[in-house]
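Each remark here refers to the structure printed beneath this line.
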Amino acid sequence: MTDIRSILDKLYDSHELTREEIICLLENRTSEIQSELAEHASKIAREHYGNKVFVRGLIEFTNYCRNDCYYCGIRCSNRNADRYRLTKEEITECASYGYDLGFRTIVLQGGEDAYYKDDMIVDIIKSIKNEHPDVAVTLSIGEKSYESYKAFYDAGADRYLLRHETADFAHYGKLHPANLSPENRQQCLYNLKKIGFQTGAGFMVGSPYQTNENIADDLLFLKKLDPEMIGIGPFIPHQDTQFKDMKAGGLDLTLYLLSIIRLMLPTVLLPATTALGTINPRGRELGILAGANVVMPNLSPVGVRKKYALYDNKICTGEEAAECMNCLKNRIGSIGYEIVTDRGDNIKFKRAL
Ligand code: SAH
């Protein structure tokens, strides 16, 4: 279709798409267009980052959460969740173990758990940064006040992941209870950027009730926010949620969107997520070939891994981190890429440092 041809060429040249053009690409998705997009997207990723894939060691330090997001397995109303918290010592030991394995980014992720007061988070950040000054610390602990974010930044945290989840406010309301507001979540993202964090936003692919229009608005929101990192992965149902019988997001649509995102925001740090590896055994490799350039293996103690269940059948919950790292090195090597020991900052951001 000539229409599609001109949209693709415009995307390659200008890295811009209108809402109508995105919807057109989504409505007319074919395997030919998908392969072409993946080729262009992986090429542009290689132009900026070579064949390097950055690793982030993910420490899931608490599955207590005060929120009740309808899709999430650790939502507060899930009585079946077996709750745990890691101590400061357990977290810093995990980080040091990760350091020895070659990780230079540690991601601390958790539910919104009021047990960890700002002072504790500050203390944990400072301990990791003191012990390993060359490590980037990324936080993913939800919505906090400007002052809290500032305190974390001043303590040395480098990056913050907070998916916007969906840019459409009505859709947001179908995925979250009324006490959670998309305005506040987006404001948090602007606050994080203002403070100076390398900031990550993103959404689930194929979340319940998601339309092509919603996806178009998500991509336009991301383009406007211009974050350093973008996390997208398929929605996967969790048995203890009201969405347990909903369909998981698709592999091909996720790969298609990874390619479009890479082309719209050429230097963005874009993980091939664990959720993508969960819906397909080669999901993460295919994600890299579609334009992703980050993987985030699990560094949490094996004993708690199964408990951090946002969705069913999550992969890599049985292996030690060292085994995960080896497995990933082989997987990434098999497609001609290389896992590197590097902080892996966004090159645009690095220049500004
Ligand atoms: N509490 C933190 C971390 C959330 S977990 C925060 O609020 O940011 C990280 C991400 O996992 C979420 O942002 C969400 O997009 C994703 N997630 C949650 N449940 C999921 C599910 N059932 N399937 C796929 N991804 C899910």
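We count ligands from 1, going down the list as the structure has it; atoms in each ligand are counted the same way. If you read the sequence from its start, that first residue is 1, and numbering goes on from there.
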Query raised in the report: Does the ring-ring contact (aromatic ring centres under 6.0 Å, His included) test come out yes or no for Tyr64 and Tyr115, once each step is laid out?
Result: CA-CA 9 Å; Tyr64 281 85; Tyr115 169 85; 8.0 Å; no

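- With a 4.0 Å cut-off on non-hydrogen atoms, His238 does not touch ligand 1 at all.
- Residue Arg185 places at least one N or O, backbone or side chain, under 3.5 Å from an N or O of ligand 1.
- At a 3.5 angstrom cut-off on N or O pairs, Tyr71 counts as close to ligand 1.
- Atoms of ligand 1 found under 4.0 Å from any heavy atom of Leu310 (numbered from 1 in listed order, with element): 5 (S), 11 (O), 19 (N), 21 (C), 22 (N).
- Under 4.0 angstrom from ligand 1, the non-hydrogen atoms of Pro234 all belong to its backbone.
- Between Glu112 and ligand 1, not a single N/O pair is under 3.5 Å apart.
- Among all non-hydrogen protein atoms, the one lying nearest atom 13 (O) of ligand 1 is Glu165 OE2, 2.5 Å.
- A salt bridge between Lys244 and Asp312 is absent, with no side-chain N of the basic residue lying under 4.0 Å from a carboxylate O of the acidic one.
- Of the options Gly142, Gly110, Cys188, the smallest heavy-atom separation from atom 1 (N) of ligand 1 is shown by Gly110.
- Checked for salt-bridge contact, Lys126 and Glu131 miss the test: no charged N lies under 4.0 Å from a carboxylate O.
- In this structure, Tyr160 and Tyr149 have perpendicular ring planes: the angle between them is above 60°, well past the 30° mark.
- Using the six-membered ring where Trp is involved, Tyr12 and His40 have ring planes that are parallel, under 30° apart on the 30 and 60° scheme.
- Here Arg185 pairs with Glu143 in a salt bridge; the nearest charged N to carboxylate O distance falls below 4.0 Å.
- Contact annotation for Glu143 and ligand 1: no heavy atom of the residue comes within less than 4.0 Å of the ligand.
- In His164, neither the side chain nor the backbone holds a heavy atom less than 4.0 Å from any atom of ligand 1.
- In terms of protein heavy-atom proximity, atom 9 (C) of ligand 1 is closest to Gln109 NE2, 3.6 Å.
- When each of Glu21, Glu32, Glu36 is tested with Arg5 by the rule salt bridge (Lys or Arg N to Asp or Glu O under 4.0 Å), just one qualifies, namely Glu36.
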